[in-house]
S.K.: 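Would you mind keeping the following structure in view while I ask a few things?
Just so we're clear, the structure is a prediction, and the values are computed from it rather than from any experiment. Computed over heavy atoms, backbone and side chain alike; hydrogens, waters and symmetry mates excluded. Numbering starts at 1 and runs along the sequence shown.
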Amino acid sequence: MARTALKTRYLAAVCGFLLLTPPQTPLGDARASGGAGENPPLPTLEVLESMVGESPEVLTALAVLARDRYALELEAGRLSPSLVGGLGGGFFNEPEDVTSHDMKTYGQLTGSVGVSFPLLGSWSQKKIARLRAEIQASADYQKTRLVRLRNLTALRKAYFALWSEQRKLPILQDFLDDETHVMTVLRERMGKNLLLESDYLEFGTAFDAVRREVVESRINSARALNVIDLATGRNWSIPAKIETPEIPGVKSLLADISTHPALLEKQEAEKLYEDIRRNSRNSERSASLDVTVPFTLDIPGSRGVGIAIGFTIREPFGALTAGKDVAQLAASADAIRARHETRFARMRLEGEFAEQVMLHDYARESLDAQVNRLLSARRSVFEKIERYAALPGDTFEQLQQSRYALVRVAMDLCNSELLYAETAVEMTGYVEERQQTARTNPVPDAVENARLLKLPGFKRESEPELVASAAGGAASVTASRGASPRVAGEAAARAATASGWRPLHRGVFVWDSSLLSDGEAAWGELRRRGITRLLVSFSAKEIDRLIEDDGALDRFNEMFADARATGVTLDLLLGDPHWLLEKHREHLYDLIRFFSPFPFRRIVLDIEPDQLGVPEERRGELLEALIGTVAGVAEVTDLPVALTLHPRYLEGDLGRRAIPAFRELGVSEVILMIYSTNAENVASRFAAICASGGGVRFSLAQSVEAELPDEESYHRRGAEALEAAISRTASKVDESKRAGACAAEDVVLQDWKGYRAMAGGGGR
């Protein structure tokens with residue numbers, strides 16, 4: 001009895017604390033901190049773990065546990081003598097005595113009050129009812145612990161999944177970034193009958209497969225984020241960088257599972273079912289001892305009072321004739337079942353833990369194997385780059401095959417890392433805190449692996465010694481190969497990577513997408529002009545047609561197919577200065593969501609702050625608004641985000657504020673709109689901004705618009721003057737690179753309509 005009372009008080013205390021104490025976390029209310037309609041970014045794994053108790057699943061289990069607590073209190077209250085009482089009354093007309101003919105008429109009020117003591121089976125039945133309530137409360141208490149433990153395990157595994165996917169995406173994106181260059185070279189080799197069309201198409205499928213991997217990675221990330229949301233009871237967003245997760249380690253591979261809630265539930269039930277078995281003997285024979293004080297009041301007449309003692313016993317005829325105690329036999333069967341369930345639970349937990357240990361060993365061996373494979377695949381790419389720079393033949397195709405093989409091995413390595421981390425998480429869930437060690441990232445050599453995942457041949461600027469050796473012989477073998485001017489230009493670009501800058505792509509702004517609807521003529525002209533990147537904008541009417549007209553949607557999809565066949569990348573260009581203002585940003589977000597199913601390479605925000613007509617002294621406010629808009633866009637899209645900007649926002653005090661903010665937000669590119677035909681000034685200004693960019697990548701925008709004066713546009717100066725200016729800028733950037741850091745990418749022309757007119761009409 002004392003043990004039961006103690007457990008009742010313990011359960012009551014636990015329920016009261018968990019249900020009535022407001023959640024205390026380092027972040028407070030994450031929903032509130034995120035603002036209306038905005039989910040806060042994921043904090044560290046350790047912070048998230050403190051929120052597991054706020055999961056809807058855990059809170060549901062706690063509510064069930066509270067119900068069981070009250071049911072247990074109710075049954076405990078019934079295990080005591082009962083207060084009995086009654087009250088009655090009546091009106092009588094009867095003879096004064098047995099033989100009298102005289103009648104008397106009166107009213108009478110009767111009543112009694114007393115105590116009834118349960119005996120024999122009645123007492124046993126009440127004890128059994130209390131024990132069954134205790135079984136339920138104990139089981140739900142351990143189930144609540146188990147739900148918390150499983151949510152914690154799921155949370156940790158989901159966080160590792162997000163971390164793993166973030167390690168994959170840069171590898172995949174690096175591979176896709178070279179698609180235009182690779183397919184252009186392969187197409188030219190096919191045109192010279194050096195490559196079969198089937199092989200050309202086969203190389204294209206490699207990029208398709210990697211794009212599918214990117215989508216799969218985003219799906220995996222969405223699933224993992226949903227698990228984290230459910231485990232913490234809050235909605236989160238994925239930050240630009242997932243903090244490296246850390247979990248407690250396991251001291252011993254011989255886990256003591258005696259405190260695991262799944263086992264404790266069965267052990268406690270086994271003890272309570274044994275108590276029920278002991279109390280079930282003759283439980284069908286019920287009895288009670290009633291001690292009452294009756295009283296009467298006759299009207300008219302007097303009062304009377306007395307005392308009464310009664311003993312009552314009941315037993316069903318079936319129990320009398322059965323010849324066996326059926327209730328006790330049933331209770332004995334329950335006790336036997338509980339013992340077997342306890343043994344089964346112990347064996348299952350021990351087996352699961354042993355399996356996780358073996359899976360952990362397997363994951364480690366797999367991880368070691370994948371690291372060795374990755375080292376071998378990296379070496380193969382190094383060798384293929386050197387062969388391509390020095391030898392004629394199909395060395396370029398061999399290089400692409402090695403690069404794709406390297407991507408596959410890198411994905412396998414990331415998956416092996418994830419498996420190793422997941423098995424470590426599972427093992428931690430089987431041991432109590434005293435058996436755990438300090439928190440750490442369980443993945444062996446995670447930092448070193450990250451370095452290996454910076455793949456050669458993808459981000460070539462990160463492998464200068466490799467590219468330099470590979471490019472050394474490029475110029476000398478170009479002539480012997482009989483390469484076309486385009487291929488020679490690509491070789492020169494590779495050779496320049498280690499020492500200076502040459503534009504990786506020539507791009508144009510396309511404000512009227514109907515210019516691309518001329519079929520092969522339009523795309524053929526792009527190919528002849530050397531254009532490999534289009535920044536395409538769509539008017540409100542065009543968007544309406546896409547929504548309402550299936551034919552327009554088909555033509556829109558054909559545009560992507562034509563672009564890929566031509567070796568051109570498509571960026572989504574969005575421009576409206578009002579999107580700087582918070583109240584107008586939702587329209588921008590809606591547009592991005594509308595275009596999200598289509599395979600644009602990146603989003604380019606052409607939001608010119610100065611178009612709002614704000615005084616010069618308030619440009620700092622405009623910059624902060626622009627940063628806010630970029631941050632909002634990054635939250636609603638997985639695509640890289642670039643933006644166009646006047647150079648004044650990247651210079652002086654504004655630049656010192658803008659560049660760190662853009663780097664923190666992960667802006668993939670800033671296109672500097674330096675619209676001037678003074679080539680020396682443009683080159684100096686662009687190179688200076690690039691050199692101070694601190695890791696932000698820049699492209700140069702030049703105007704060829706007929707509407708602008710000659711001081712700003714090359715439209716009337718002609719293509720020759722434009723190319724000379726671009727070469728001057730490249731030379732200036734080279735000087736800047738030799739002096740320090742400088743990250744420059746493309747040249748973008750404003751715009752396609754003006755460029756066609758300029759190139760067709762010649763220069764002045």
S.K.: Check whether any side-chain heavy atom of Val227 sits under 4.5 Å from a side-chain heavy atom of Leu155, and report yes or no.
M.R.: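 They are not in side-chain contact.
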S.K.: To the nearest 0.5 Å, what is the distance between CG (Asp412) and CZ (Arg373)?
M.R.: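 Result: 5.0 Å between the selected atoms.
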S.K.: Looking at Lys157 and Glu426, is any side-chain nitrogen of the basic one under 4.0 Å from a carboxylate oxygen of the acidic one?
M.R.: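 A salt bridge links Glu426 with Lys157.
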S.K.: Considering only NZ, NE, NH1 and NH2 on the basic side and carboxylate oxygens on the acidic side, decide whether Arg602 and Asp571 come within less than 4.0 Å.
M.R.: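 Salt bridge present between Arg602 and Asp571.
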S.K.: Counting neighbours of CD on Glu624 that are heavy atoms of other residues, nucleotides or ligands and sit closer than 6.0 Å, is the number greater than 12?
M.R.: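 More than 12 within 6.0 Å, yes.
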S.K.: Would you say Glu165 and Ser217 are linked by a side-chain donor-acceptor pair, where the criterion is simply a distance under 3.5 Å?
M.R.: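 Glu165 and Ser217 do have a side-chain donor-acceptor pair below 3.5 Å.
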S.K.: Which heavy atom of Trp236 sits nearest a heavy atom of Asp229, and at what distance?
M.R.: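 Closest heavy-atom pair between Trp236 and Asp229: N-OD1, 3.0 Å.
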S.K.: Looking only at atom types and distance, does a side-chain atom of Ser402 sit under 3.5 Å from a main-chain N or O of Gln398, one as donor and one as acceptor?
M.R.: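 Between the backbone of Gln398 and the side chain of Ser402 there is a qualifying donor-acceptor contact (under 3.5 Å).
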S.K.: Do Pro647 and Phe686 touch side chain to side chain, with heavy atoms closer than 4.5 Å?
M.R.: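 No - every pair of side-chain heavy atoms lies 4.5 Å or more apart.
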S.K.: Apply side-chain contact (heavy atoms from CB on, under 4.5 Å) to residues Leu419 and Tyr362 and explain how you reach the verdict.
M.R.: CA-CA 9 Å; Leu419 176 61; Tyr362 167 80; 3.9 Å; yes
S.K.: Donor-acceptor pair, Thr153 side chain versus Gly429 backbone, under 3.5 Å?
M.R.: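 Checking the backbone N and O of Gly429 against the side chain of Thr153, no donor-acceptor pair under 3.5 Å is found.
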S.K.: Please report the shortest heavy-atom distance between Asn39 and Ser237, naming the atom on each side.
M.R.: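 Heavy atoms of Asn39 and Ser237 come nearest at O-OG, 3.0 Å.
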S.K.: Report yes if some heavy atom in the side chain of Leu264 is under 4.5 Å from a heavy atom in the side chain of Tyr141; otherwise report no.
M.R.: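 No, their side chains stay 4.5 Å or more apart.
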S.K.: As a quick check of understanding, evaluate salt bridge (Lys or Arg N to Asp or Glu O under 4.0 Å) for Glu586 and Arg593, giving each step before the final call.
M.R.: CA-CA 10 Å; Glu586 194 59 40; Arg593 295 185 187 102; 3.1 Å; yes
S.K.: Strictly distance-based, threshold 3.5 Å: is any side-chain N or O of Ser50 a donor or acceptor partner for the main-chain N or O of Val47?
M.R.: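 Looks like yes, one N/O pair under 3.5 Å.
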S.K.: What I want to find out is whether Arg211 reaches Glu179 closely enough, with some N-O distance under 4.0 Å, to be called a salt bridge.
M.R.: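 A salt bridge is present here (some side-chain N lies under 4.0 Å from a carboxylate O).
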S.K.: Run the side-chain contact (heavy atoms from CB on, under 4.5 Å) check on Leu574 and Val604 step by step: do they pass?
M.R.: CA-CA 6 Å; Leu574 300 170; Val604 180; over 6 Å; no
S.K.: Measuring only between side-chain heavy atoms, which start at C-beta, is Phe662 closer than 4.5 Å to Leu626?
M.R.: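 The answer is yes; the side chains approach within 4.5 Å.
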S.K.: Is there a side-chain contact (heavy atoms from CB on, under 4.5 Å) between Ile171 and Leu169 once you walk through the steps?
M.R.: CA-CA 5 Å; Ile171 308 166; Leu169 281 175; over 6 Å; no
S.K.: Are Leu406 and Leu374 side-chain neighbours, meaning at least one heavy-atom pair lies under 4.5 Å?
M.R.: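 Yes. Closest side-chain heavy atoms under 4.5 Å.
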S.K.: Evaluate side-chain contact (heavy atoms from CB on, under 4.5 Å) for Arg145 paired with Leu149, printing each intermediate quantity in order.
M.R.: CA-CA 6 Å; Arg145 290 186 58 213; Leu149 178 60; over 6 Å; no
S.K.: Is there a donor-acceptor contact under 3.5 Å from the side chain of Ser55 to the main chain of Leu230?
M.R.: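 Looks like yes, one N/O pair under 3.5 Å.
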S.K.: Taking the side chain from Asn415 and the backbone from Met411, do they hold a donor-acceptor pair closer than 3.5 Å?
M.R.: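 At least one qualifying donor-acceptor pair exists.
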S.K.: Quiz question: by atom type and distance under 3.5 Å, do the side chains of Ser416 and Ser366 form a donor-acceptor pair?
M.R.: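 Side-chain D/A pair, Ser416 to Ser366: present.
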S.K.: Do Thr180 and Thr569 pass the side-chain hydrogen bond (donor to acceptor under 3.5 Å, both in side chains) test, and can you show the C-alpha distance, the side-chain angles, and the key distance before you say yes or no?
M.R.: CA-CA 7 Å; Thr180 300; Thr569 63; 4.7 Å; no
S.K.: Between Arg150 and Glu57, is there a side-chain N and carboxylate O pair less than 4.0 Å apart?
M.R.: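 No.
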S.K.: With side-chain hydrogen bond (donor to acceptor under 3.5 Å, both in side chains) as the test, would you mind laying out the steps for Asp606 and Thr644 before giving the verdict?
M.R.: CA-CA 5 Å; Asp606 184 56; Thr644 65; 2.4 Å; yes
S.K.: Please report the shortest heavy-atom distance between Tyr159 and Ile242, naming the atom on each side.
M.R.: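 Nearest pair, atom of Tyr159 first, then Ile242: CE2-CG2, 3.5 Å.
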S.K.: Do we see a donor-acceptor contact under 3.5 Å between the side chains of Thr423 and Gln356?
M.R.: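 Side-chain D/A pair, Thr423 to Gln356: absent.
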S.K.: Can you check whether Asn441 reaches Trp163 side chain to side chain, under 4.5 Å on heavy atoms?
M.R.: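 Yes; the side chains approach each other to less than 4.5 Å.
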S.K.: Okay, side chain of Thr232, backbone of Met51: is any donor-acceptor separation there less than 3.5 Å?
M.R.: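 Side chain of Thr232 to backbone of Met51, a donor-acceptor pair under 3.5 Å: no, none is there.
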S.K.: Please check: side-chain N/O of Arg439 versus main-chain N/O of Glu246, any donor-acceptor pairing under 3.5 Å?
M.R.: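 Checked: pair present.
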S.K.: Which pair of non-hydrogen atoms, one from Gln166 and one from Pro239, has the smallest distance, and what is that distance?
M.R.: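 For Gln166 versus Pro239, the nearest heavy atoms are NE2-O, 3.0 Å.
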S.K.: Under 3.5 Å, side chain of Ser380 to main-chain N/O of Ser376, donor-acceptor pair present?
M.R.: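 Not a single qualifying donor-acceptor pair exists.
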S.K.: Does Glu635 CD have over 12 foreign heavy atoms under 6.0 Å away?
M.R.: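 Enclosed.
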S.K.: Please lay out, stage by stage, how Arg408 and Glu213 fare under the test salt bridge (Lys or Arg N to Asp or Glu O under 4.0 Å).
M.R.: CA-CA 10 Å; Arg408 305 310 322 153; Glu213 290 269 2; 2.5 Å; yes
S.K.: Under 4.0 Å between a side-chain nitrogen and a carboxylate oxygen: does that hold for Arg364 and Asp361?
M.R.: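 Asp361 and Arg364: not salt-bridged.
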S.K.: Checking Asp746 side chain against Leu700 main chain: does a donor-acceptor pair fall under 3.5 Å?
M.R.: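 Pair absent, no side-chain N/O of Asp746 close to backbone of Leu700.
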S.K.: Is the shortest distance from a Lys or Arg side-chain nitrogen in Arg533 or Glu669 to a carboxylate oxygen in the other one below 4.0 Å?
M.R.: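 Yes.
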S.K.: Taking the inter-plane angle between the rings of Tyr404 and Phe175 on a 0 to 90° scale, is it parallel (under 30°), tilted (30 to 60°) or perpendicular (over 60°)?
M.R.: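 Taking Phe175 first and then Tyr404, their aromatic rings sit tilted (interplane angle of 30° to 60°).
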S.K.: What's the separation between atom CD in Gln400 and atom NZ in Lys384, rounded to the nearest 0.5 Å?
M.R.: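 With rounding to 0.5 Å, CD (Gln400) is 11.5 Å from NZ (Lys384).
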S.K.: Is Pro442 close to Val425 at the side-chain level, that is, under 4.5 Å between some pair of heavy atoms?
M.R.: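 Val425 does not reach Pro442 side chain to side chain.
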S.K.: Any carboxylate oxygen within less than 4.0 angstrom of a Lys/Arg side-chain nitrogen, looking at Lys168 and Glu216?
M.R.: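 Looking at Lys168 and Glu216, the cut-off is not met.
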S.K.: Is it the case that the side chains of Tyr420 and His360 hold a donor-acceptor pair, with the cut-off being a distance below 3.5 Å and no angle test?
M.R.: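 Present: a donor and an acceptor within the cut-off.
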S.K.: Are Asp653 and Arg657 within salt-bridge range, i.e. N to O under 4.0 Å?
M.R.: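 No, no charged N to carboxylate O under 4.0 Å.
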S.K.: Indicate yes or no for a side-chain donor-acceptor contact from Arg585 to the backbone of Leu580 under 3.5 Å, with no hydrogens or angles considered.
M.R.: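 Side chain of Arg585 to backbone of Leu580, a donor-acceptor pair under 3.5 Å: yes, one is there.
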S.K.: Verify salt bridge (Lys or Arg N to Asp or Glu O under 4.0 Å) between Arg156 and Glu422, making sure each step is shown before the conclusion.
M.R.: CA-CA 8 Å; Arg156 288 171 171 171; Glu422 287 179 335; over 6 Å; no
S.K.: Find out whether Phe203 and Val182 are in side-chain contact, i.e. whether some heavy atom of one side chain is under 4.5 Å from a heavy atom of the other.
M.R.: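 Of all side-chain heavy-atom pairs linking Val182 with Phe203, none is under 4.5 Å.
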S.K.: Minimum heavy-atom separation for Leu622 to Tyr649, with atom names?
M.R.: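 What the structure gives for the nearest pair is CD1-OH, 3.7 Å.
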S.K.: Work out which heavy atom in Ile607 is nearest to a heavy atom in Trp579; give both atom names and the distance.
M.R.: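 Looking at all heavy atoms of both residues, the closest pair is CD1-CB, 4.0 Å.
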